[in-house]
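Here you go, one structure.
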Amino acid sequence: MSPAPARFKATGPLRGRVRVPGDKSISHRSLMLSALAVGESRVEGLLEGEDVLATAAAMRAMGAAIERGGDGIWRISGVGVGGLLQPQAALDMGNSGTSTRLLMGLVATHAITCTFTGDASLSKRPMGRVTDPLSQMGAEFSASPGGRLPLMVRGLCPAVPIEYRLPVASAQVKSAILLAGLNTPGITRVIEPVATRDHSERMLRGFGADLTVEQIEGARLISIRGEAELKPQQIVVPGDPSSAAFPIVAALLVPGSDIVVENVGLNPTRAGLIEVLQAMGGDITLLDPREVGGEPVADVRVRGSALTGIEVSPDIVPSMVDEFPVLFVAAALAKGRTVTRGLEELRVKESDRIRVMADGLRAIGAHVEETEDGLIIDGTGGEKLAGGATVATHLDHRIAMSFAVAGLAAVNDVTIDDMAPVATSFPIFTDLMRALGAEA
Ligand code: S3P
């Protein structure tokens, strides 16, 4: 696809109420588990972005019936745990690391063989973190050099249950093992020294899997009993906090703004950004807290605010791992210094988000020092950034959206070299920002 450049300009106050699309992590999981249940599940509010559609296509290729109704509700007839079929062609995962890693877990314990392919960004990302534990369960892998895509998996059924201590804080690795455990006789255990997003645990339980979580010596021990029977569910997907992050930061940075982002998922394993922005002086209030689909949700009101730099504790990183690019933009306009550490995982996301954000922020006039595991940013104290540059997004949706937000708070326009990747997670991003008054 040819690149789609776009320009974002300094804007007057942002105003209005908006809803962001459904949570990407929950959308992937709702399709996968529905496809493994016996009977018809319904999913409302599914994120209809390219990443999630890649998961839907893969589950169809392995036998599930998945349809979107005219009412926007997705209906999925599952094949039952153990019932996945051999796909007839390679599974193209596009840009989606979550689809790839979680589906590798599913395939690993079914008697099927398949090949995963992806775009240039996904083909650079490490897969050894999932192939290592899944090999211990008996699956065989043949990967491209460096443990990357294209990669072939030969699943084993019955597989061998393992107890695995996560060497990196990764919800994708945890979920891949738990999904592999669904079709494995006995009990599969994952030890998670640092808690990561727990949507898999919540949803597996919701579908009737026998899954327990215990705290042992400061770590989470998650146990799942295999050969499970999953019962179909009706799922309502809350709005994605990782998408909400962009209008939230934009409203903080543009003076006089006052917006509400409705129906934002605020699972504590995802809500770190709001806490950090409030600690920086951001005027953010949570209205009408409630529960949607077993997840905490609220409407988030945000007003333009003078922000102050802070030291961000590495402990909070897992609960905002995808939000650092846009936090860096907020820090670039805060008063004083913001220090972030413990972000080594950002280097293996859709792009090297530490390097790419440092380069782009410098190009638009911010003061940034790159360290091995984070950025140190000296903010302008509320003065607009210079802007007037084109920023390279490296097939990374969150880089594109972060610099779009920066453009709203820059003297000269910020040009994004390619907005196309935004369709992976937040296809209506530009329209939604325009609805709030942004110029793009
Ligand atoms: C995700 C987990 C995180 C996150 C990604 C979605 C998930 O990745 O960055 O956007 O849905 O499990 P890691 O597991 O690599 O941290």
Checking S257 side chain against G304 main chain: does a donor-acceptor pair fall under 3.5 Å?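 A pair under 3.5 Å: no.
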N183 side chain vs T109 backbone, donor-acceptor pair below 3.5 Å: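 Yes; judged by distance alone, with no hydrogens or angles, the pair exists.
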Is it true that R42 and E40 have a side-chain N and a carboxylate O under 4.0 angstrom from each other?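 Salt bridge between R42 and E40, a charged N being under 4.0 Å from a carboxylate O: yes.
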In this structure, are over 12 heavy atoms from other groups packed under 6.0 Å from R129 atom CZ? yes
Polar side-chain atom of S170 near backbone of L166 as donor-acceptor pair, under 3.5 Å: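 Such a contact is absent between S170 side chain and L166 backbone.
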Let me confirm one number: the CG-CE distance from L273 to M320, rounded to the nearest 0.5 Å.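 If we round to the nearest 0.5 Å, L273:CG and M320:CE are 5.0 Å apart.
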Would you give the length of the straight line joining atom CG of L36 to atom CE of M62, rounded to the nearest 0.5 angstrom?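 Going from CG on L36 over to CE on M62, the span is 8.5 Å.
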Taking every non-hydrogen atom, the tightest pair across S99 and A54: OG-CB, 4.4 Å
From the list L106, V153, V107, side chain to side chain contact (heavy atoms under 4.5 Å, CB included) partner of I112 resolves to V107
Check E67 with R60, please: is the shortest side-chain N to carboxylate O separation under 4.0 Å? no
Is the side chain of D240 donor-acceptor paired with the backbone N or O of K24 at a distance under 3.5 Å, no angle test? yes
Indicate the atoms forming the closest heavy-atom contact of T188 with G181, along with that distance. OG1-CA, 3.5 Å
Charged N-O contact under 4.0 Å between D373 and R341: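 No.
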W74 side chain to E44 side chain, donor-acceptor N/O pair below 3.5 angstrom: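 No, E44 and W74 have no side-chain donor paired with an acceptor closer than 3.5 Å.
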For a 4.5 angstrom cut-off between non-hydrogen side-chain atoms, does D51 reach T98?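 No, their side chains stay 4.5 Å or more apart.
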Scanning both residues in full, the closest heavy-atom pair of L134 with A180 reads CD2-CB, 3.6 Å
Pair D258 + R301: basic N to acidic O under 4.0 Å: yes
Taking S305 for its side chain and R303 for its backbone only, find out whether a donor-acceptor pair lies under 3.5 Å. yes
Any sub-3.5 Å donor-acceptor pair from E229's side-chain atoms to E227's backbone N or O? no
Between CG of L178 and OG of S200, what distance do you get to the nearest 0.5 Å? 6.5 Å
Identify the two heavy atoms, one from P427 and one from G49, that lie closest to each other, and give their separation to 0.1 Å. CG-CA, 4.0 Å
Just verifying a value: how many Å separate N267 CG and I26 CD1, rounded to the nearest 0.5 Å?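 It is 7.0 Å, given to the nearest 0.5 Å.
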N95 side chain vs G118 backbone, donor-acceptor pair below 3.5 Å: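 Not a single qualifying donor-acceptor pair exists.
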Taking the side chain as C-beta and beyond, is there a heavy-atom pair between Q86 and T113 under 4.5 Å? yes
Above 12 or not: heavy atoms from other molecules or residues under 6.0 Å from CZ of R362?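 Yes, the 6.0 Å shell around CZ holds more than 12 heavy atoms from other groups.
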Restricting to non-hydrogen atoms, name the atom on T117 and the atom on D92 that form the minimum distance, rounded to 0.1 Å.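 Nearest pair, atom of T117 first, then D92: OG1-CA, 3.4 Å.
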Please, which pairs that meet side chain to side chain donor-acceptor pair (under 3.5 Å) have at least one residue in residues 307-329, sequence neighbours excluded?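 Passing the test, one end in residues 307-329: R197-D322, S242-E323.
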How about H28 and T55: does a side-chain donor come under 3.5 Å of a side-chain acceptor?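 Result is yes, a qualifying pair exists.
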Using side-chain heavy atoms (C-beta onward) and a distance below 4.5 Å, is V260 in contact with V300?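 A side-chain contact under 4.5 Å is absent here.
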Between D210 and R205, does any NZ, NE, NH1 or NH2 come within less than 4.0 Å of an OD or OE carboxylate oxygen? no
Does any N or O in the side chain of S30 come within less than 3.5 Å of the main-chain N or O of S27, such that one atom is a donor and the other an acceptor?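 Side chain of S30 to backbone of S27: a pair is present.
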Heavy-atom side-chain proximity of I259 to P247 below 4.5 angstrom: yes
Min side-chain heavy-atom separation T424-H397 under 4.5 Å: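 When only atoms from C-beta onward are counted, H397 and T424 do touch, with a gap below 4.5 Å.
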If you round to the nearest 0.5 Å, how far is NZ of K231 from OG of S41?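 S41 atom OG to K231 atom NZ measures 12.0 Å (nearest 0.5 Å).
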Is the shortest distance from a Lys or Arg side-chain nitrogen in E350 or R398 to a carboxylate oxygen in the other one below 4.0 Å? no
Does the side chain of D418 come under 3.5 Å of the side chain of T393 through a donor N or O and an acceptor N or O? no
Do R290 and D299 meet the salt-bridge criterion of a basic N to acidic O distance under 4.0 Å? yes
Exercise: identify the closest heavy-atom pair between P296 and E291: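 Nearest pair, atom of P296 first, then E291: N-CG, 4.2 Å.
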Going by an N to O cut-off under 4.0 Å, is there a salt bridge joining D352 and R347?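 Yes, D352 and R347 are salt-bridged.
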Within a radius of less than 6.0 Å around CD of Q136, do more than 12 heavy atoms belonging to other residues, nucleotides or ligands occur?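 Yes, enclosed.
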Give a yes or no on whether a salt bridge exists between D396 and K349, defined as a side-chain N under 4.0 angstrom from a carboxylate O. no
Hey, which of Q215, E214, E201 is the one that makes side chain to side chain donor-acceptor pair (under 3.5 Å) with R220? E201
Validation row: L307, L333 side chains within 4.5 angstrom (heavy atoms):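 A side-chain contact under 4.5 Å is absent here.
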Quick one: does M127's side chain get under 4.5 Å of F141's, heavy atoms only? no
What is the distance from atom CZ of R29 to atom CG of D23, rounded to the nearest 0.5 Å? 8.5 Å
Heavy-atom check, side chain of I354 versus side chain of E370, under 4.5 Å: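 I354 vs E370: side chains touch.
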For P150, is there any backbone N or O sitting under 3.5 Å from a side-chain donor or acceptor partner on S144?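 Looks like yes, one N/O pair under 3.5 Å.
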Could you tell me which residues satisfy ring-ring contact (aromatic ring centres under 6.0 Å, His included) with F429, sequence neighbours excluded, listed by chain and number?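 For F429, the residues satisfying ring-ring contact (aromatic ring centres under 6.0 Å, His included) (neighbours in sequence not counted) are F426.
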